[in-house]
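For ligands, and for the atoms within them, numbers begin at 1 and follow the listed sequence.
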Amino acid sequence: MLNIDLHCHSNVSDGVLSPADVVARAAANGVHALALTDHDDVTGIAAARAAADAAGMTLIPGVEISVSWGGQTVHILGLRIDPAHPGLVAGLHGIRLGRIERAQRMAADLARSGIHGAYDGAFAYAANKEMVGRTHFARWLVAQGHAPDLRTTFKRYLTRGNPGYVEHEWTSLENAVGWIRASGGMAVIAHPGRYAFNARELHLLLDAFRALGGAGIEVISGSHHPSEYGKFADLARAFGLKASRGADFHAPDEGSDIGCLPALPHYCRPVWQDWPELAIHLSPSMA
Ligand code: AMP
Ligand code: MN
Ligand code: MN
Ligand code: MN
């Protein structure tokens with residue numbers, strides 16, 4: 001059976017490994033096909049692809065786009081995108097500019113709680129100075145001794161109602177799905193179990209997403225509790241959406257590792273069902 005992991009981060013966004021090291025880790029874990037899905041940036045894909053070619057692994061060009069929908073932040077994965085597509089590149093650039101302005105407001109809010117220097121502190125943890133986010137702030141807060149680990153940091157800071165959290169308008173669902181599809185990619189809702197929607201709101205999201213040409217949802221995710229897998233497999237089936245699997249790997253000592261989650265339930269239609277680039281791993285010559 002193929003080990004396919006379609007969600008992970010490098011230090012181009014808020015992961016800690018370089019794109020080449022993410023690929024090396026995936027290969028060591030027995031992954032056949034990996035999607036690099038950095039937040040709002042595609043500049044790691046070239047290096048990841050070169051490393052994957054050398055390792056005999058398939059690299060799926062991906063991205064995880066930040067969207068505002070229904071009063072929440074929703075993450076939309078783009079899989080098999082063209083990282084050079086001008087509309088996608090311009091759209092992502094706009095989101096990253098918004099992140100820099102948001103980081104200033106986050107730092108100002110932390111300063112009001114007596115925590116100073118967070119803007120420069122967070123940027124020191126961002127390998128890509130264009131892509132700064134809450135994880136970079138969180139890593140700095142841990143290093144400064146404000147919390148023992150990332151999990152606790154996000155309980156005390158950077159989340160709604162806590163110091164360092166600011167509202168932010170990301171792009172629209174329509175834009176994100178539109179850019180992904182225009183670049184030849186497939187849109188997938190990341191970790192649907194992580195949003196604070198009730199069942200009715202989640203159904204509205206799935207309807208709106210499908211009407212825009214969205215193709216799938218993550219069923220097996222590092223952000224889902226195993227007890228949720230069946231619920232999202234059933235939802236995918238009920239809404240005529242395909243199913244994806246991804247660890248959402250960020251760092252060796254944080255969360256799920258690449259390619260180590262269970263397989264999709266047998267009744268799911270995988271997002272990779274018709275991907276010709278996977279045939280190489282199924283041919284007898286690969287044995
Ligand atoms: P941002 O896109 O800047 O809002 O940052 C979102 C990122 O923060 C996510 O992709 C995760 O990597 C990280 N994150 C959010 N909530 C948590 C949490 N409770 N624990 C650990 N990491 C989190
Ligand atoms: Mn992240
Ligand atoms: Mn996400
Ligand atoms: Mn992610």
Inset, instruction - Have a look at D14 and say which of its N, O or S atoms is nearest the Mn ion (ligand 2). - result: OD2
Legend entry - Metal-centred angle, OE2 of E64 through the Mn ion (ligand 3) to NE2 of H191, rounded to 10 degrees: 100°
Inset, instruction - Tell me whether the guanidinium CZ or amine NZ of R210 lies under 6.0 angstrom from the six-membered ring centre of F239 and within 45° of its axis. - result: no
Legend entry - the Mn ion (ligand 2) to H39: nearest N/O/S atom name: NE2
Inset, instruction - Could you tell me how the ring of F197 sits relative to the ring of W69: parallel (under 30°), tilted (30 to 60°) or perpendicular (over 60°)? - result: perpendicular
Inset, instruction - Looking only at N, O or S atoms, find the one in H75 nearest to the Mn ion (ligand 3) and name it. - result: ND1
Legend entry - No-hydrogen, no-angle side-chain donor-acceptor test under 3.5 Å, T58 and H281: yes
Legend entry - Under 2.8 Å: N/O/S of H9 next to the Mn ion (ligand 4): yes
Legend entry - Contact check: H7 to the Mn ion (ligand 4), N/O/S below 2.8 Å: yes
Inset, instruction - Go through D14 and H136 one step at a time and tell me if the side-chain hydrogen bond (donor to acceptor under 3.5 Å, both in side chains) criterion holds. - result: CA-CA 7 Å; D14 59 359; H136 305 112; over 6 Å; no
Inset, instruction - Could you tell me whether the side chain of Y119 reaches within less than 4.5 Å of the side chain of R105, counting heavy atoms only? - result: no
Inset, instruction - Pick out which of T37, T43, D38 makes a side chain to side chain donor-acceptor pair (under 3.5 Å) with S13. - result: D38
Inset, instruction - Restricting to N/O/S, name the atom of D248 that gets closest to the Mn ion (ligand 4). - result: OD1
